[in-house]
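One-based numbering along the sequence shown. Since the model is a prediction, treat every value here as computed from it, not as a measurement.
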Amino acid sequence: MIESIQNYKLQIGEREVELETGRLAKSASGAVTVRCGDTVLLVTATGSSEPRPGIDFFPLLVDYEEKLASIGKIPGSFMRKEGRASDKAILISRLIDRPIRPLFPKGYRNDVQIVATILSSDQEMQPDTLAIFGASAALTLAGLPFDGPVGAVRVSELNGQFIVNPTYAQANESDLDIVVAGTEESVIMVEAGCRFVPEQKILDAVAFAMGEIKKQVQAQKEFAAQCGVAKQEYVNPFDTTELKNLVSETCRDKVYEAYHQFDRETRRSILDEAKKQLKEKVKELPEDHPITTLLVESGLDFVSEEFKSLEKEIMRAMVINEGVRADGRKYNEIRPISCEVGLLPRVHGTGLFTRGSTQVLSCATLAGPGLAQELEGVDPQTEKRYMHNYNFPGFSVGEVKPMRGPGRREIGHGALAERAILPALPPKDEFVYTIRVNSDVLESNGSTSMASTCASCLALMDAGVPLKTVIAGVAMGLIKEGDKTVVLTDIQGIEDFLGDMDFKVTGDREGITALQMDIKIKGLDLDTLGRAIQDAREGRLFILDKMLATIDKPRAEMSPYAPRLETIKIDVDLIGALIGPGGKNIKNIIEQTGAEIDIEDDGSVHICCNNGEGM
């Protein structure tokens, strides 16, 4: 525990950021307050002293907590207190998790929890990159075996110049809004929302961000030294070498054969048989055998873990040495694609996008402006007129799973596809409808978020939404072994699971609208990132052509079941008369016609009705 209050100041872009520890949350393993202007976050990192028994994964839990007191508001809910985390808070939690998780050592199974709480917000400084910076600093001060520190910055461009950690207003004004996280040497995560930004500008922004990230990493090292922190060394208590050798001797030929069967079901069948034989062989070992002792003492399924390691080794060697992927494709080859629209008679717009064994059905629904989503949170945004919801049922991967609300992964995938389409939507003054798209994954074998982006665009065009352009998306992967690096286009599930990168890019022919990159290794150099972005452009344009062959522009007429919307303008002085005392007049009109009526402060009256007589 750090007994005295310690402070450290550094410059991030044009703003001073102050770290402080030793004042708040002293029972946490590591705790810092991060202050920039009047925005203040408390970030804590707490690690258990012993590994959690019986688990085969790293139990990292990350929570970003929004407190409405930070902006001087009482929650508007019935209970007048914060409820479940908002989508924005969940997205920031994921943003913190993604650059942190790959930097813990393999086999580390101690519980670690990071909690970032916004205590004060000036409604100007965006807190997400400060939260990542604070999480890394808290882990570093905790002395946990974390292979950091990491830094994180947001980059926008104004007047031809890159700016670091822009305000909300500056980011909204810019065509480029990109978050980059990394270590001193390499990029670990990229998240971007853009308005048709060319690939080279993205690379320039990442390179610019890395200069600022290096300052943050150095600052954390100096702050930890100032506080006298000693980093824990982690040594995996379980030696699986003998088991690894047994798995290789028993299964190598079968696994090699399986991965040279390009049909997924055939491969799965051979792998299941090989794993069954392996488990029977392990079961026959005497009780005093070192492998039996290892499995009993650990309580962990190291047999499945080492079998998966053998799969990973063979699949990656096949890509690197033979130039062949698990389904027989070349590095830059995209799976067969089919697109359909107008499938469902009563839905305003539908799009079905199938790519290999991944299939997504998107349904677009139009409504009046009064059904825009109201947002209550620390973020200044108060409503959304375009909503995208992504659902991933168990049957899409052949599993039995209860149907519950969307989890963090679903919310993250939905937000990525939503961000991808936003720049293509018509402005509100040209198309005042509220728009919701619901994307259901019907079958999954990798890159469902990009499939939902494509299906959403098809559904919107089928609904007659006058999009400015057509948006497509593609997911890229990476296999890196020593000095050899291979970038893969349109990765399937196994290449995501056993590979080193999941890199998703959306856009049109002119440029990028959204981008998300996660790395499972220690980081990525800028040259490889540049290659991935350029290959993603070729893949994106190939998919775009397939979509345009199905529907090349938005339908001229909306579905007969879509509501009709008209806007009239009245004198501002007459708004009160239209509403009437206690809303009597407008309630009368709504009851008699069934119309939805929304009145804006400038005298615009939006009338939305499902039938001509009511209109």
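- Residue-environment remark: NZ (Lys468) exceeds the threshold of 12 foreign heavy atoms within 6.0 Å.
- Put simply, CZ on Phe353 and SG on Cys454 are 4.0 Å apart, with the number rounded to the nearest 0.5 Å.
- Lys88 has a carboxylate O that lies under 4.0 Å from a charged side-chain N of Asp379, or vice versa, which qualifies the two as a salt bridge.
- For Lys384, the NZ atom is densely surrounded, since the number of other residues' heavy atoms within 6.0 Å is greater than 12.
- With 3.5 Å as the limit, one finds a donor-acceptor pair spanning the side chains of Ser362 and Ser439.
- Of all the heavy atoms in His348 and Pro563, the pair that sits closest is CE1-CD, 3.5 Å.
- One finds the OH atom of Tyr108 at 10.5 Å from the CG atom of Leu60 (value rounded to the nearest 0.5 Å).
- Between Glu199 and Arg540, at least one side-chain nitrogen of the basic residue sits less than 4.0 Å from a carboxylate oxygen of the acidic one, meeting the salt-bridge criterion.
- Checking Asn391 against Asn389 by side-chain atom types alone, no donor-acceptor pair falls below 3.5 Å.
- Judged purely by distance below 3.5 Å, without hydrogens or angles, the side chains of Asn110 and Arg52 never pair a donor atom with an acceptor atom.
- Thr358 contributes no side-chain N or O that, together with a main-chain N or O of Thr354, makes up a donor-acceptor pair within less than 3.5 Å.
- Here the CG-CG distance, from Asp500 to Asp518, works out to 13.0 Å after rounding to the nearest 0.5 Å.
- Between the side chains of Gln200 and Asp204, at least one donor N or O sits under 3.5 Å from an acceptor N or O.
- When atom types are taken as modelled, the side chain of Glu410 and the backbone of Gly407 share a donor-acceptor pair closer than 3.5 angstrom.
- Put simply, the side chain of Lys553 does not reach to within 4.5 Å of the side chain of Leu467, judged on heavy atoms.
- Here the OG atom belonging to Ser248 is positioned 6.5 Å from the CD atom belonging to Glu313, to the nearest 0.5 angstrom.
- Ile512 has its side chain within reach of Val505: a pair of non-hydrogen atoms, C-beta onward, lies under 4.5 Å apart.
- No side-chain heavy atom of Leu425 sits under 4.5 Å from any side-chain heavy atom of Phe431.
- Within the 4.5 Å cutoff, the side chain of Ile100 has heavy atoms near those of the Ile114 side chain.
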Where do Glu242 and Leu294 land on the side chain to side chain contact (heavy atoms under 4.5 Å, CB included) test, with the steps shown first?
CA-CA 10 Å; Glu242 200 161 340; Leu294 168 72; over 6 Å; no
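- Considering only heavy atoms from C-beta on, Leu524 comes within 4.5 Å of Met501 through its side chain.
- Taking the ring axis of Phe57 as reference, the NZ or CZ atom of Arg109 does not stay both within 45° of it and closer than 6.0 Å to the ring centre.
- Side-chain contact annotation: Thr528 with Thr485, donor-acceptor N/O pair under 3.5 Å absent.
- A salt bridge links Asp177 with Arg154: at least one charged nitrogen is closer than 4.0 Å to a carboxylate oxygen.
- Taking both residues in full, the closest heavy atoms of Ala131 and Ile96 are given as CB-CD1, 3.8 Å, listed atom of the first, atom of the second, then distance.
- Here the side chain of Ser93 pairs a donor or acceptor atom with the backbone of Ala89 at under 3.5 angstrom.
- Residues Ser396 and Glu443 bring no donor and acceptor atom of their side chains to less than 3.5 Å of each other.
- A salt bridge links Glu265 to Arg268: at least one charged side-chain nitrogen sits closer than 4.0 Å to a carboxylate oxygen.
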Hey, mind stepping through Val282 and Phe302 against side chain to side chain contact (heavy atoms under 4.5 Å, CB included) and telling me if it holds?
CA-CA 11 Å; Val282 170; Phe302 282 124; over 6 Å; no
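- No more than 12 heavy atoms of other residues, nucleotides or ligands lie within 6.0 Å of CZ in Phe497, so this atom counts as exposed by the packing criterion.
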Stepwise salt bridge (Lys or Arg N to Asp or Glu O under 4.0 Å) check, Glu311 with Arg316:
CA-CA 8 Å; Glu311 280 191 66; Arg316 295 163 69 91; over 6 Å; no
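- Within the 4.5 Å cutoff, no side-chain heavy atoms of Ser452 are placed close to those of Val441.
- No side-chain N or O of Glu418 forms a donor-acceptor pair with one of Tyr386 less than 3.5 Å apart.
- A salt bridge links Glu191 with Arg419; the closest basic N to acidic carboxylate O contact falls under 4.0 Å.
- At a threshold of 4.0 Å, the pair Asp63-Arg408 counts as salt-bridged, since one of the basic side-chain nitrogens sits closer than that to a carboxylate oxygen.
- Salt-bridge check for Lys522 with Glu185: failed, with every basic side-chain N at 4.0 Å or more from each acidic carboxylate O.
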Between Asn332 and Asp535, is the side chain to side chain contact (heavy atoms under 4.5 Å, CB included) condition met? List the steps.
CA-CA 7 Å; Asn332 61 351; Asp535 286 356; 5.7 Å; no
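- Side-chain contact annotation: Asp301 with Ser304, donor-acceptor N/O pair under 3.5 Å present.
- Proximity of a side-chain donor or acceptor of Asp440 to a complementary backbone N or O of Leu442 within less than 3.5 Å is not detected.
- Of the listed residues (Val150, Ile519, Val179, Val180), just one forms a side chain to side chain contact (heavy atoms under 4.5 Å, CB included) with Met189, and that residue is Val179.
- Interatomic distance, Met210 CE to Thr183 OG1, rounded to the nearest 0.5 Å: 6.0 Å.
- Side-chain polar atoms of Thr266 and Gln261 form no donor-acceptor pair below 3.5 angstrom.
- A salt bridge (Lys or Arg N to Asp or Glu O under 4.0 Å) with Asp490 is found for one member of Arg335, Lys546, Lys504 and no other, namely Arg335.
- One distance of note links CG of Leu95 with CD of Gln516; it measures 9.0 Å at 0.5 Å rounding.
- The shortest non-hydrogen separation linking Thr350 to Asp462 is N-OD2, 2.9 Å.
- The shortest side-chain heavy-atom distance between Ile90 and Arg84 falls under the 4.5 Å cut-off.
- Side-chain contact between Phe392 and Arg409 is present, with heavy atoms from C-beta onward closer than 4.5 Å.
- At most 12 non-hydrogen atoms from other residues, nucleotides or ligands lie less than 6.0 angstrom from CG of Asp253.
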Just do the side chain to side chain contact (heavy atoms under 4.5 Å, CB included) check on Leu91 and Tyr64 with the steps written out, would you?
CA-CA 9 Å; Leu91 293 173; Tyr64 177 80; over 6 Å; no
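- Salt-bridge annotation for Asp272 and Arg267: absent, with no side-chain N of the basic residue lying under 4.0 Å from a carboxylate O of the acidic one.
- Few gaps surround CD on Glu322; more than 12 heavy atoms of other groups in view lie less than 6.0 Å from it.
- Taking all atoms of both residues into account, the shortest heavy-atom contact from Leu541 to Asp508 is CD2-O, 4.1 Å.
- Here the closest heavy-atom approach between residue Tyr390 and residue Gly414 is recorded as CB-CA, 3.6 Å.
- Of all heavy-atom pairs spanning Pro99 and Ala181, the tightest one is CB-CB, 3.8 Å.
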